[in-house]
Participant: 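Quick one: this structure, given as C-alpha cells, is what I'll be asking you about.
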Amino acid sequence: MNEDVARTVAEIGYFTEDNSVETVNARMGPSVDPRLGKVMACLVKHLHAFAREAELTQDEWEYAVGFLTRTGQICTQERQEFILLSDTLGLSMLVDAINNRRPKGATENTVFGPFHVEGAPVRAMGDAISFDGKGESCLFGGRVTDLKGRPVEGARIDVWSDNADGYYDVQQPDIQPKWNNRGVFITGADGHYSFVGIKPVSYPIPDDGPVGDMLAHLGRHPYRPAHMHYMIRAEGFQKLVTHTFVEGDPYLVSDAVFGVKRTLVAPFARVDDGGETMWRSDFDFVLARPDETR
Ligand SMILES: [Fe+2]
C-alpha cells in the first residue's frame, strides 16, 4: 500500500456506503491538474448522490453499462450517438447556456448540431442555396448589428438547413447536390444579409439507436421543430451559433433537444411571387463583444 492510500485509509477508513465520495476523491494524487481534480471530484459526488437517491439496483446498473456500451458501438465518423444522448438529456443546451451568458438584446445561442460542414462556398448576397428543386422557396434577410444597433461589416454568416424531405445534404450524399442548402455570406458596410433557401421542415433526430430506444421508453418523440442554422463570426465579437425557428411549428414546445428559445422564433410570411409560393423570413442578429456578458 503506498503512503497516500495508507493515510487515506487511516483518516477516512475503508470504503463504506456513507463515506464513498470522500474515499474515492481522497485517492487522487497530489499533483493532479487542479481543474481536472475539481471536475472529477464534482462528478463523483453527484454520481454517488444519484445512485443513492435512486437506490440503483444491480440490474439497473448493468442495464446502464449495456446502454452506454451500445451508445459507443453505434458511433461512426458520420454518427455521434453520445452527442445525441447529451442533446436529448438537455446537457448540451445547459453547457451552451453556461458558456454563452449574453447581455439583454444580444441574439441567444442554441445547439450547434451535428450537421455543420466547414468550407461551404462563399456566395454573393441574395444568392440561392437550395439546388435540389424541392421545397417552398424562402427569402431570408435582415441585419447583423452590435448591441447599439450599429451595422457589423465583414460578418461571416454560415447558414445550413435540411431539405424538404428533412435531410441534410451530408445525410444523403448520393441523392442531394453537394452543398445543398448551405452557404456563407459576408456582410458589407450596411450589415445586411439576404439569401434564398427553402422554408425548413421539422425532422426526427436519428432514432434507430440506443437514444431512440430511450426516447421511446420515456414516451418522447424524436422531432425537432423546423429551423435554419446560423453561425456568425465577426472580428471583435463573440461567435454566435444559433438557429431561427419557423413560427407556428407544432414541435416548438417539445423540441427533442431543447434548442428552442422564445427570442429565436422567427416570422415566416407567405408572399405572392407571380403565382408561385414564396416565403419571407426577416431576422436581425445582434452580436456581443467578448467583454459584454451577462
Ligand atoms: Fe438542424
Side-chain angles (χ1 to χ4, degrees), residues 75-97 100 107-120 129-132 134-136 138 140 157-173 175-185 195-209 211-212 215 220-233 239-266 268 279 281 283 285:
C75 288
T76 63
Q77 199 75 336
E78 289 79 36
R79 177 163 186 167
Q80 230 304 351
E81 194 80 356
F82 273 112
I83 291 183
L84 211 54
L85 180 60
S86 167
D87 291 352
T88 51
L89 291 176
L91 179 63
S92 305
M93 278 302 288
L94 178 60
V95 173
D96 187 78
N100 293 284
T107 305
E108 296 188 276
N109 246 51
T110 190
V111 279
F112 189 43
F115 298 121
H116 176 260
V117 182
E118 200 61 60
I129 61 166
S130 187
F131 305 109
D132 62 352
K134 291 182 171 178
E136 297 176 331
C138 182
F140 294 82
I157 308 176
D158 205 329
V159 303
W160 65 105
S161 83
D162 58 346
N163 76 349
D165 296 329
Y167 294 102
Y168 290 82
D169 59 349
V170 286
Q171 293 176 288
Q172 297 185 311
I175 297 173
Q176 294 190 38
K178 193 166 169 64
W179 306 119
N180 193 33
N181 293 307
R182 294 178 191 274
V184 174
F185 298 88
F195 62 93
V196 179
I198 60 159
K199 187 183 180 214
V201 301
S202 47
Y203 63 84
I205 58 169
D207 64 342
D208 57 345
V211 171
L215 295 181
R220 287 173 53 180
H221 69 72
Y223 280 86
R224 298 216 61 209
H227 55 274
M228 174 63 76
H229 287 266
Y230 292 86
M231 175 161 64
I232 305 181
R233 289 169 282 193
K239 179 169 78 172
L240 174 64
V241 173
T242 197
H243 314 347
T244 59
F245 292 92
V246 176
E247 183 183 64
D249 188 285
Y251 298 112
L252 281 178
V253 291
S254 62
D255 183 357
V257 306
F258 307 95
V260 182
K261 292 179 178 173
R262 191 180 295 273
T263 58
L264 299 177
V265 178
F268 278 74
W279 294 82
S281 182
F283 196 89
F285 295 96

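Indexing begins at 1, ligand by ligand and atom by atom, following the structure's order. It should be emphasised that the depicted structure is a prediction, and the values quoted were computed from it without experimental measurement.
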Participant: Taking only residues two or more places apart in sequence, or in another chain, which ones meet Glu108 in a side chain to side chain donor-acceptor pair (under 3.5 Å)?
Facilitator: Thr263
Participant: Are the ring centres of His229 and Phe115 closer than 6.0 Å?
Facilitator: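 That pair fails the under 6.0 Å test.
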Participant: Just one of Phe140, Phe185, Tyr230 clears the ring pair (Phe, Tyr, Trp, His ring centres under 6.0 Å) bar with Phe285, so which one?
Facilitator: Tyr230
Participant: Which residues and atoms, counting only protein N, O or S, are under 2.8 Å from the Fe ion (ligand 1)?
Facilitator: Tyr168 OH, Tyr203 OH, His227 NE2, His229 NE2
Participant: Who are the side-chain contact (heavy atoms from CB on, under 4.5 Å) partners of Leu252, not counting sequence neighbours?
Facilitator: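 Result, side-chain contact (heavy atoms from CB on, under 4.5 Å) vs Leu252: Pro225, Phe245, Asp249, Val260, Val265.
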Participant: State, without any angle test, whether Asn181 and Asn163 hold a side-chain donor-acceptor pair at a distance under 3.5 Å.
Facilitator: no
Participant: Test: salt bridge (charged side-chain N to carboxylate O under 4.0 Å, His left out). Region: residues 223-233. Which pairs qualify, not counting sequence neighbours?
Facilitator: Glu118-Arg233, Asp158-Arg233, Arg224-Asp255
